[in-house]
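Since the structure comes first, as structure tokens, the remarks are kept for the end.
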Amino acid sequence: MELTLSSRLRAVADWVPPGCRFADIGTDHAFLPAWLLLTGRISRAIAADLRPGPLERAAETATRFALSGQMELRLSDGLRAFSPREADCIALAGMGGETVRAILAAAPWTRADTLLLLQPQSQLPELRRWLTGNGYRIERERCVYDAGHWYPILQVRGGADTSLWTPATMLAGQPERWVREPQRADYLRALLSQCQRRREGQARAARLDALRLGELDRTISDLKRWIQALEEEEAL
């Protein structure tokens with residue numbers, strides 16, 4: 001019996017170090033830890049969720065693939081049921097950026113010797129701002145298009161981040177930390193379209209917000225410049 005991951009989960013799995021102590025927070029069906037165990041990437045995993053229902057689905061996955069002895073199921077509100085250093089690689093995928101922030105804020109021990117693989121589904125600029133302002137460093141980023149949606153993935157560790165952050169880099173990430181992948185330009189085009197729509201809305205507003213309009217103009221300019229640079233790289 002074979003387990004196939006969605007593109008977005010496979011992208012997270014690719015960054016899990018072999019042999020690590022792995023925990024999947026908000027695991028639902030536990031497909032990610034099951035795949036890692038089945039492929040031999042890791043030997044044990046903790047699959048955690050806030051609600052009993054998803055853990056029951058995770059248990060079904062563990063039973064179906066004969067992984068019950070390798071996968072611990074844990075009822076946990078984020079990382080509240082975890083001890084420091086119990087896991088050295090933690091995935092938080094498929095949840096809103098505000099939820100990721102709340103989970104990490106309640107577990108400051110993750111800033112020490114913990115690899116975080118984050119796949120937020122909303123509020124990405126706010127999450128980047130919080131991470132870089134609270135003792136975390138974004139090491140690299142990639143993006144995956146799956147089932148009609150874009151999924152950014154951040155590899156994060158504790159550490160000082162001294163980068164110059166702008167509205168554009170808060171939205172799209174620091175270019176030097178992007179994984180060079182063919183879909184990056186398409187992802188930036190999607191962000192550009194969003195910003196252009198927001199600018200049009202701001203321009204039509206009854207009360208003009210000049211500061212916000214200028215911020216959007218600079219972000220649009222940066223996105224266009226990055227897209228052009230990627231297009232030129234692809235043409236070489």
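- For the pair Asp14 and Arg10, the salt-bridge criterion is met [side-chain N within less than 4.0 Å of a carboxylate O].
- Minimum heavy-atom separation, Leu32 to Ala13: CD1-CB, 3.7 Å.
- Leu191 has its side chain within reach of Gln194: a pair of non-hydrogen atoms, C-beta onward, lies under 4.5 Å apart.
- Ion pairing of Glu231 with Arg189 is present here, as a side-chain N (NZ or NE/NH1/NH2) and a carboxylate O approach within less than 4.0 Å.
- Across all their heavy atoms, Gln174 and Ser163 have their closest contact at NE2-CB, 3.4 Å.
- Sorted by first then second residue, the ring pair (Phe, Tyr, Trp, His ring centres under 6.0 Å) pairs that include residues 66-89, not counting sequence neighbours, number zero.
- You'll find the side chain of Ile220 reaches within 4.5 Å of the side chain of Gln196, heavy atoms only.
- Taking 4.5 Å as the limit, every side-chain heavy atom of Gln155 sits out of range of all side-chain heavy atoms of Ile138.
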Run the side-chain donor-acceptor check on residues 98-108: report pairs under 3.5 Å with partners two or more places apart or on a different chain.
residue, atom, partner, partner atom, Å
Glu98, OE1, Ser122, OG, 3.2
Arg101, NH1, Gln123, OE1, 3.1

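- Salt-bridge formation is detected for the pair Arg184/Glu181: a Lys NZ or Arg NE/NH1/NH2 atom is positioned less than 4.0 Å from an Asp or Glu carboxylate oxygen.
- A donor atom on one side chain and an acceptor atom on the other are not found under 3.5 Å apart for Gln70 and Arg44.
- Residues Leu223 and Cys195 form a side-chain contact, since some pair of their non-hydrogen atoms from C-beta on lies under 4.5 Å apart.
- You'll find the side chain of Leu37 reaches within 4.5 Å of the side chain of Met71, heavy atoms only.
- Checking each of Leu124, Leu92, Leu117 against Leu154 for a side-chain contact (heavy atoms from CB on, under 4.5 Å) leaves exactly one that passes, namely Leu124.
- Asp161 and Trp165 are linked by a side-chain donor-acceptor pair at a separation below 3.5 angstrom, with hydrogens and angles left out of the test.
- At least one side-chain heavy atom of Leu79 sits under 4.5 Å from a side-chain heavy atom of Ile90.
- A donor atom on one side chain and an acceptor atom on the other are found under 3.5 Å apart for Gln228 and Glu232.
- Of the possible donor and acceptor atoms, one in the side chain of Thr61 sits under 3.5 Å from a partner among the backbone N and O of His29.
- Between the CG atom of Leu131 and the CE atom of Met170 there is a distance of 9.5 Å, given to the nearest 0.5 Å.
- Without hydrogens or angle criteria, Asp146 side chain to Ser7 main chain gives a donor-acceptor distance under 3.5 Å.
- Side chain of Arg212 to backbone of Gln202: no donor-acceptor contact under 3.5 angstrom is found.
- Atom-to-atom distance recorded for Arg41:CZ and Cys89:SG is 10.0 Å, nearest 0.5 angstrom.
- The closest donor-acceptor contact from the side chain of Asp77 to the backbone of Leu50 lies at 3.5 Å or more, if one exists at all.
- Ring geometry, Tyr151 versus His149: the interplanar angle exceeds 60°, so the pair is classed perpendicular (tilted spans 30 to 60°).
- Using a 4.5 Å heavy-atom threshold, the side chains of Tyr136 and Arg111 count as touching.
- Between Glu215 and Arg199, none of the side-chain N atoms (NZ, or NE/NH1/NH2) sits under 4.0 Å from a carboxylate O, so this pair counts as no salt bridge.
- Within the 3.5 Å criterion, the main-chain N or O of Leu36 finds a donor-acceptor partner in the side chain of Thr39.
- Without hydrogens or angle criteria, Ser221 side chain to Thr219 main chain gives no donor-acceptor distance under 3.5 Å.
- By the 30° and 60° cut-offs, the orientation of the rings of Trp178 relative to Trp226 is perpendicular.
- We find that Glu141 and Arg128 are joined by a salt bridge, their nearest charged nitrogen and carboxylate oxygen being less than 4.0 Å apart.
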(message) If you apply the rule side-chain contact (heavy atoms from CB on, under 4.5 Å), what do you find for Leu171 with Asp222, and how did you get there?
(response) CA-CA 11 Å; Leu171 178 66; Asp222 285 342; over 6 Å; no
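- Counting heavy atoms from C-beta on, the side chains of Leu75 and Leu55 come closer than 4.5 Å.
- Remark: Arg225 CZ is packed, more than 12 non-hydrogen atoms of other residues, nucleotides or ligands lying under 6.0 Å away.
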